[in-house]
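Every chain is numbered from 1, with letters handed out A, B, ... down the list of sequences.
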Amino acid sequence: MSVSQPYKSVKVDLVVQDYMDSLLADLFPEVEAESVSEEPVIELEVAPELEVAPESKTVPELEVAPEPKVQTEPKPAPQSVAPILDTSSPSLPEISTQPEQAKVVASPAIPETILAPIKEAVPSPVDEEVTPNKVSEDEPHVEVSPNPPQELEALPYPNAPPWAQQEFDVLLFDVCGLKLAVSMEALGRIIKVEHELNQLIGRPGWFMGAYTEAEQSLYVVDTAKFIMPEKGFDLSEVGFEFIIQLQRSHWTLACKEVYSTVRIQPDQVKWRSTQGKRPWLAGTVIEHMCALIHVDSLVALLESENT
Amino acid sequence: MSTYEAKGVVDDPVLQWVTFRLDNESYGINVMQVQEVLRYSEIAPVPGAPSYVLGIINLRGNVVTVIDTRLRFGLAQTETSDQTRIVIIETENQVVGIMVDAVAEVVYLRQSEVETTPNVGNEETAKFIQGVCHKNDELLILVDLEKMMSDEEWAELNDF
């Protein structure tokens, strides 16, 4: 272990920028998906009825969406689509006549950016003849439950953990140029590393070893290797000075530098709506350009990590 | 059995562990599996033996296979020194020697003092560790000798 070695001569800024970009891309999948998903949505719905609108394959057709045709059609829309109409377009008066369950779908859990293309696509003439089965198979939004749990509805920030529903404090720290934040509530201790780690054989590369503190064994994670293995950082070479205990578990994150604590408002965080491939990531605080760690998920991931 | 069961400590037995050094870490093996500790002596290589077998020694007329513990544990190789020892152990009904950097002492540990280690990684060597314990301000890594080799490997050692 080299506790105080200087940083490797790598373009940390670029690497970290790349990484932040990828985190953001991960957080805003809808932005990328919007352009891509529009086509499949249209194609899938248009396919069965080419006779109706040969030109409907094109994107502009979506803009015709708010056409009154839907209004005049009392025909029941597919169940999965109806709720979306309800939430999205206040311009459609008949939406209010939809059954009660449609209102429930107006959950804030559905990002507006995801809803947008659907809103537009649904009222198109093509959609009227789409069978409900077809829509439910093809629509990605079918996954959104029309009846979300009651407690989620009550939360102002459904994607945020319970402790983040109000303002909360986080500790900022640096790992190879990437700024990470961990909520004070989930923070165990910050320990300055003053002696060597014990090496345990047969452990993965991100497992740096055991650190004994007050007769307790703490297991040190190479934070860089674990959360951004593709970047090729190695804290054993780069050096680290602190370990941050996660809750009261045995797990600690190695880091080079610990900054201060800052108070975060829930609306400052771009919360992650899905766990995806980075379950440890709760969201991103744009103002501080840092990734907020979901400690519960990270600890669970460390416990189950088998690679 | 070297426990204090006779003293009524049945629920939390005390075990004795022989400690040895390997790559600056302290390891412990159950004293009941240790027959004796030898100074390093010449080891006769065995052609065709697995890489983790250093060779054989003559122990009072008996042939004993010596295992390269560093290699088995995935540690870097090093030169032997005056402190190098061959610990003769008996496990899986076999007597083998394991070469270590140094042998330190025998310590007493209560079962309750032994902590489990996180079960992470796919490496076979991770299974060698049955727990850790803090003793004399350092971490003692307790080795499960029976898991040091598979049944097939133990059987293979019989052939030397």
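The existence of a salt bridge linking B:Lys127 and B:Glu124 is confirmed by a sub-4.0 Å separation between a basic side-chain nitrogen and an acidic carboxylate oxygen.
If you tally non-hydrogen atom pairs under 4.5 Å between each of B:Ile129, B:Asp137, B:Val132, B:Asp23 and chain A, the highest count goes to B:Ile129.
A cation-pi arrangement is present between A:Lys179 and A:Tyr259 under the rule of less than 6.0 angstrom and at most 45 degrees off the ring axis.
Both the backbone and the side chain of B:Thr117 come within contact range of chain A, with heavy atoms under 4.5 Å apart. With a 4.5 Å cut-off on non-hydrogen atoms, B:Phe128 touches chain A through its side chain but not through its backbone.
A:Val238 and A:Lys256 get closest at one heavy-atom pair: O-NZ, 4.1 Å.
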- Run the side-chain hydrogen bond (donor to acceptor under 3.5 Å, both in side chains) check on A:Ser217 and A:His250 step by step: do they pass? CA-CA 7 Å; A:Ser217 294; A:His250 286 284; 6.0 Å; no
